[in-house]
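Some notes on the structure that comes next.
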2 protein chains.
Amino acid sequence: MSADRKSPGYSRSTEDYLKAIYELESEGGPAQTSAIADALGVAPPSVSGMVKRLSESGLLEHAPYRGVQLTRAGRRTALKMVRRHRILETYLTTKLGYDWDSVHDEAERMEHAVSDGLIERMAMALGYPRHDPHGAPIPTKDGEIDEQEALVPLIDVPVGSMAELRMVSDRDPELLRFMASLGLRVGVAFEVIGRQPFKGPTAIRLAGQHAKERDQVIGHELAENLSCVVLEGAVG
Amino acid sequence: MSADRKSPGYSRSTEDYLKAIYELESEGGPAQTSAIADALGVAPPSVSGMVKRLSESGLLEHAPYRGVQLTRAGRRTALKMVRRHRILETYLTTKLGYDWDSVHDEAERMEHAVSDGLIERMAMALGYPRHDPHGAPIPTKDGEIDEQEALVPLIDVPVGSMAELRMVSDRDPELLRFMASLGLRVGVAFEVIGRQPFKGPTAIRLAGQHAKERDQVIGHELAENLSCVVLEGAVG
DNA sequence: TACTAAATTTAGGCGCGCTTAACTTTTTAG
DNA sequence: CTAAAAAGTTAAGCGCGCCTAAATTTAGTA
Ligand SMILES: [Mn+2]
Ligand SMILES: [Mn+2]
Ligand SMILES: [Mn+2]
Ligand SMILES: [Mn+2]
């Protein structure tokens, strides 16, 4: 019963840098300075400075002018923050009536203020959920995270296929509100019934819906953000 | 629907200073530098420096060498923090199974990270409680706080009186755990059946308890911390 | 290969919130 | 009333995390 001190007790900035770097790394290759700056809304020199401190603390390794990679310790902390963030988002929507478009900002602040114990109590109250409200997998307490089965952005799902919406970015509340207004939620199944070229819209038909809301036209930018699993069939 | 930005967005330190000063002021007179330093666990010169910044921001007034007083704006923010702290403590005990001795530290950090909206959702989920788990009154959203009816520390409750425990400091987890082990909770009624002089213990008899746990002997320091209301009777 | 554009790092600086050491003011005791 | 003790402030300095401007490195193109 002693693992509950906020361990070394990193600052909010440190935790956010590690989490952002983790997410950038999981898109392949080392995280670059400007991408980190972009993700955190700071200027590139701020990142250079912070990267120096973090690598001196052994949380990441820096190949100058090339990018940055988390060490084992850095990844451990990053995954802890990802778990916190996603448990918090799930708790707020499930237990306190938040909409899925408004939980991100709240979680972004709270993740740095709560104890391990509170996160575990929330997880228990939720029945140890595997996914957050946007479909993202929740790492376990020990830092294990489900490999995503091959998810495909809606723009790449072939016309004629059946697919299911599995995940969407939680970063744009406007987009999430719009999705909700279309009846698009994680878990919904649909058929891709058409797509126009030149970044045109994708047309889908939702499974098990009333006639009025069954067919939807999804713009290109939105379709890029919808991660789906293809269920069957394909047309070249 | 626009009053939800964390208003001017004060820092954690600022919010803790204002809250501590509010609590010191409510014990009468202006808050003194060393008392503030003591409450926050910082050195006195740190307080001098912070007091300068806070008075330049219009949150308090400083009479050099005399002490500080909250302005209207300072008091408003302080009461907001007190509300947050007490709602959080109540939520954690009621909804997440925390014991009353472990909520303070968690609330002390979370109070700076949550939004107004989350506090109101918690308050609603709790049915707008008037008191926190330690018996302290919870200010309303508009900053109204119940005047405490005259509370008396147990050491001043006359032998022979009936009294009820109404409030206890939330700052010492050890003390709270010990109280729980004696069956002493907010709301419990008892008769004062004896008291020894020279800072000796006070003996009480709890109402409606089984024989074995009915009579308790309370040491002087603990008795100082128990705020009671006297119900009837008095013996010089 | 040579030059340019883009990305990154270095230099210099700022506010916050904290420290210790030294100095000043106020309070208390004799 | 005066001298010592206590309380408070000022001075100097530090790490964090951010900024802009300037220098450097890398990548891309003619
Ligand atoms: Mn999120
Ligand atoms: Mn965050
Ligand atoms: Mn408390
Ligand atoms: Mn606090």
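Scope of the values below: all heavy atoms of this structure, side chains included, with no hydrogens, waters or symmetry mates. Values in this document were obtained by computation on a predicted structure and should not be read as measured data. Just so it is clear: chains get the letters A, B, ... in the order the sequence lines come, proteins before strands, and each one is counted from 1.
In this structure, CG of Leu54(B) is placed 13 Å from P of dT9(D), rounded to the nearest angstrom. Between the OH atom of Tyr17(A) and the C1' atom of dC16(D) there is a distance of 11 Å, rounded to whole Å. If you measure from atom CD of Glu15(A) to atom P of dC16(D), you get 15 Å, rounded to the nearest angstrom. Atom CE of Met50(A) and atom P of dC19(D) are 12 Å apart (whole Å). In this entry the distance linking CD of Gln32(B) with C1' of dT27(C) reads 11 Å, nearest Å. With rounding to whole Å, Leu59(B) atom CG is found 13 Å from dC16(C) atom P. Atom pair Arg12(B):CZ and dC16(D):P shows a separation of 18 Å (rounding to whole Å applied). Straight-line distance from the CD1 atom of Ile36(A) to the C1' atom of dT9(C): 14 Å, rounded to whole Å.
Of the charged side-chain nitrogens involved, none lies within less than 4.0 Å of a carboxylate oxygen, so that Glu111(B) and Arg12(B) do not count as a salt-bridged pair. A salt bridge links Arg171(B) to Glu23(B): one of the charged nitrogens lies within less than 4.0 Å of a carboxylate oxygen.
Judged by closest nucleotide on DNA chain D, Val51(B) is the one of Gly41(A) and Val51(B) placed further toward the 5' end. In this structure, Thr14(A) and Pro45(A) both approach DNA chain D, and ranking their closest nucleotides by distance from the 5' end singles out Thr14(A).
Checking His104(B) against His134(B) by side-chain atom types alone, no donor-acceptor pair falls below 3.5 Å. For the residue pair Arg195(B) and Thr202(B), a side-chain donor N or O sits within less than 3.5 Å of a side-chain acceptor on the partner.
Which of dC18(C), dT10(C), dT10(D) sits closest to the side chain of Val42(B) comes down to dC18(C). When each of dG8(D), dT10(D), dT9(C) is scored by its nearest atom to the side-chain atoms of Tyr65(B), the top-ranked nucleotide is dG8(D). Ranking dT9(D), dT8(C), dA11(C) by closeness to the Thr33(B) side chain, first place goes to dT9(D).
When heavy atoms are screened at a 4.0 angstrom cut-off, Arg66(A) is found touching the sugar-phosphate backbone but no base atom. Contact annotation for Ser46(B): base contact, defined as any heavy-atom pair under 4.0 Å involving a base atom. Contacts of Ser48(B) with the nucleic acid, taken as non-hydrogen atoms under 4.0 Å apart, include base atoms. Across all strands shown, Ser34(A) has heavy atoms under 4.0 Å from sugar-phosphate atoms exclusively, and none from any base.
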Dump the intermediate steps for side chain to side chain donor-acceptor pair (under 3.5 Å) on Asp16(A) and His112(A), then the final yes or no.
-> CA-CA 9 Å; Asp16(A) 278 339; His112(A) 313 289; 3.0 Å; yes
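At dC16(C), none of the side-chain N or O atoms of Ser13(B) fall inside 4.0 Å of OP1 or OP2 (strictly under the cut-off). For the pair His62(A) and dT8(C), the criterion of a side-chain N or O lying under 4.0 Å from OP1 or OP2 is not met. Between dG15(D) and Arg53(A), no contact under 4.0 Å exists linking OP1 or OP2 to a side-chain N or O. Distances shown here put every side-chain N or O of Tyr10(A) at or beyond 4.0 Å from the OP1 or OP2 atom of dG17(D).
Cation-pi check for Arg121(A) over Tyr98(B) is met; the charged atom lies under 6.0 angstrom from the ring centroid and within 45 degrees of its normal.
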